[in-house]
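To keep things clear, I will list the structure first and then write my remarks on it.
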Protein chains: 2
Amino acid sequence: MLSDLEHAVLGIVWIEQPCTAYAVRVVFQKSPSAHWSGSAGAIYPLIRRLERDRLLRSAARRGDKRGTRLYRLTDGGLAALKAWLRPPLPPVSGLINMDPLRVRIRFLGALPKRERRAVVGEAQDKLREFLPQVKSEVRQARTSGDTPQYLISRGVLISVRAQLAWLAEVGRTL
Amino acid sequence: MLSDLEHAVLGIVWIEQPCTAYAVRVVFQKSPSAHWSGSAGAIYPLIRRLERDRLLRSAARRGDKRGTRLYRLTDGGLAALKAWLRPPLPPVSGLINMDPLRVRIRFLGALPKRERRAVVGEAQDKLREFLPQVKSEVRQARTSGDTPQYLISRGVLISVRAQLAWLAEVGRTL
DNA sequence: CCGCTCATGTAACTGGTTACATGATTTA
DNA sequence: TAAATCATGTAACCAGTTACATGAGCGG
């Protein structure tokens with residue numbers, strides 16, 4: 001019934017509660033993936049919907065003159081989050097991610113050989129430049145003892161390394 | 001200007017031409033990722049748009065009484081495809097894929113420990129079941145000499161293995 | 001000739017986006 | 001006190017989905 005974004009919002013509120021809708025937006029904006037922008041037009045109506053459906057509840061922050069509200073999960077919200085996490089998981093097709101690099105490389109043959117190398121090279125550069133940032137996030141999460149965040153950062157790191165390994169293969173075979 | 005889907009359609013037509021809009025749909029439907037469904041409501045209007053903008057051209061298949069049309073890339077279409085492939089690539093945020101598994105695992109702490117293991121276990125099972133299929137696609141592409149398809153399948157394989165490696169880590173640290 | 005696949009199409013909807021706007025609060 | 005950030009909101013739009021519908025071509 002709820003979309004992945006809505007479930008993710010429940011999850012973020014579960015982690016950050018009590019928190020504002022704005023804080024939820026920031027989480028998406030800071031995410032390394034551009035999949036969800038965390039735009040105001042998406043988040044505020046979505047959160048109102050979740051509150052209307054009693055999955056979130058909110059209270060005004062005392063002494064705050066803008067409409068700032070602090071959200072928490074209700075029991076129903078926690079149940080919805082759990083139901084989403086629990087098996088059965090979606091079919092594999094829903095687990096295989098869409099790699100924007102892969103869809104490009106698929107058509108690389110449309111470019112002359114020299115330009116192909118340039119594309120692969122630039123992709124490698126961009127990903128390699130990104131590595132230190134991910135690594136520092138891994139370190140930071142580990143030293144601060146934030147295990148879930150540590151695992152997520154590890155996931156990103158492993159995924160980026162896999163992309164780099166694949167790009168190396170692509171570069172080798174043209 | 002054009003979306004990723006539109007560019008991907010240009011790419012598919014470039015590979016398969018001359019081909020029907022239906023053939024393009026089938027490519028998306030057979031793709032291991034569920035990101036684009038290849039639904040009729042997406043593809044047919046999109047292809048008409050591309051033809052209107054002179055990026056595709058089409059001809060009726062002779063002796064065919066349904067409106068079946070065979071599409072090809074125009075010079076402009078090939079140029080648009082190349083421009084999309086060529087550097088500059090999108091920023092890293094556009095290169096990092098959204099892993100649906102990762103967004104779930106992020107909130108795994110909402111589940112009691114025993115259930116967490118079950119989630120990780122099921123994800124591993126589903127991905128492992130999927131491996132033989134990918135491997136056979138790799139073999140098939142290699143023996144048939146279809147280098148681009150070989151590289152794509154390799155990409156999927158590497159990505160799935162990376163997910164499995166990560167899941168193993170997740171399982172180890174709870 | 002029946003059923004499956006090929007082939008195209010549309011209407012209603014959904015789940016987001018961009019862009020804009022407003023105003024409170026904090027910080028330099 | 002100005003600038004940056006926090007915080008909420010909406011209107012117009014867009015890209016894609018689901019679901020439905022139609023009919024030709026083809027293999028058993």
Side-chain angles (χ1 to χ4, degrees), chain A residues 1-10 12-13 16 18-31 33-53 56 58-71 84 90 93-94 98 100 103, chain B residues 1-10 12-13 16-31 33-53 56 58-71 90 93-94 98 100 103:
Chain A
M1 203 90 300
L2 299 181
S3 70
D4 274 356
L5 177 57
E6 285 168 319
H7 282 116
V9 166
L10 288 179
I12 291 169
V13 172
E16 310 266 324
C19 68
T20 64
Y22 178 80
V24 173
R25 291 185 58 201
V26 171
V27 171
F28 286 111
Q29 283 162 5
K30 288 197 301 186
S31 156
S33 159
H35 186 69
W36 288 309
S37 75
S39 59
I43 301 301
Y44 290 110
L46 185 154
I47 285 191
R48 273 202 303 276
R49 239 155 39 223
L50 293 178
E51 183 169 26
R52 184 200 62 195
D53 297 343
L56 296 180
S58 69
R61 179 140 64 179
R62 64 189 194 97
D64 188 314
K65 276 172 182 128
R66 42 188 172 178
T68 307
R69 300 196 68 78
L70 290 176
Y71 289 88
W84 175 62
S93 62
M98 190 287 255
V103 316
Chain B
M1 203 90 300
L2 298 181
S3 69
D4 274 356
L5 176 56
E6 285 168 320
H7 282 117
V9 167
L10 288 180
I12 291 169
V13 172
E16 310 266 324
Q17 65 186 336
C19 67
T20 64
Y22 178 80
V24 173
R25 291 186 58 201
V26 171
V27 171
F28 286 111
Q29 283 161 6
K30 288 197 300 187
S31 156
S33 159
H35 186 68
W36 287 309
S37 75
S39 59
I43 301 301
Y44 290 110
L46 185 154
I47 285 191
R48 272 201 304 274
R49 241 157 36 225
L50 293 179
E51 183 169 26
R52 185 200 61 197
D53 297 344
L56 296 181
S58 69
R61 178 141 64 180
R62 64 187 195 98
D64 189 315
K65 276 171 182 130
R66 40 187 173 180
T68 306
R69 299 195 70 78
L70 291 176
Y71 288 88
S93 63
M98 189 288 253
V103 318

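Letters go in sequence order (proteins before strands), and every chain restarts at 1. Fair warning: this is a prediction, and the values are worked out from it, not measured in the lab.
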Applying salt bridge (charged side-chain N to carboxylate O under 4.0 Å, His left out) as the test, list every pair that has at least one member in residues 33-46 of chain A; sequence neighbours left out. none

Can you check nucleotides 22-24 of chain D for protein contacts, nitrogen or oxygen pairs under 3.5 Å, and list what you find?
unit_1	atom_1	unit_2	atom_2	d
D/dG23	N2	B/Arg66	NH1	3.4
D/dA24	N3	B/Arg66	NH1	3.4

Rounding to the nearest 10°, end axes of the helix from C/dC1-D/dG28 to C/dA28-D/dT1 built from five pairs each make an angle of 30°

Check side-chain contact (heavy atoms from CB on, under 4.5 Å) between B/Ala23 and all other residues, then give those that pass, not counting sequence neighbours. B/Cys19, B/Thr20

Heavy-atom side-chain proximity of A/Met98 to A/Val103 below 4.5 angstrom: yes

Restricting to side-chain hydrogen bond (donor to acceptor under 3.5 Å, both in side chains), what partner residues turn up for A/Arg69, sequence neighbours left out? A/Ser58

Under a 4.5 Å cut-off applied to non-hydrogen side-chain atoms, are A/Phe28 and A/Ile12 in contact? yes

Can you see if the side chain of A/Arg61 gets near the phosphate of C/dA24 - specifically, an N or O under 4.0 Å from OP1 or OP2? no

State which residues pass side-chain contact (heavy atoms from CB on, under 4.5 Å) with B/Gln17; sequence neighbours excluded, sorted by chain then number. B/Val13, B/Trp14, B/Arg72, B/Leu73

Of all residues at least two apart in sequence or in a different chain, which pass the salt bridge (charged side-chain N to carboxylate O under 4.0 Å, His left out) check with A/Arg49? A/Glu6

Results of ring-ring contact (aromatic ring centres under 6.0 Å, His included) for A/His35 - residues two or more places apart only: none

For B/Asp53, side-chain hydrogen bond (donor to acceptor under 3.5 Å, both in side chains) partners two or more places apart: none

Flag side-chain contact, heavy atom, 4.5 Å: B/Val9 against B/Ile47: yes

Once each nucleotide of nucleotides 8-21 of chain C is scored for protein heavy atoms under 4.0 Å, what B/S/- sequence comes out, 5' to 3'? BBB-----SBB---

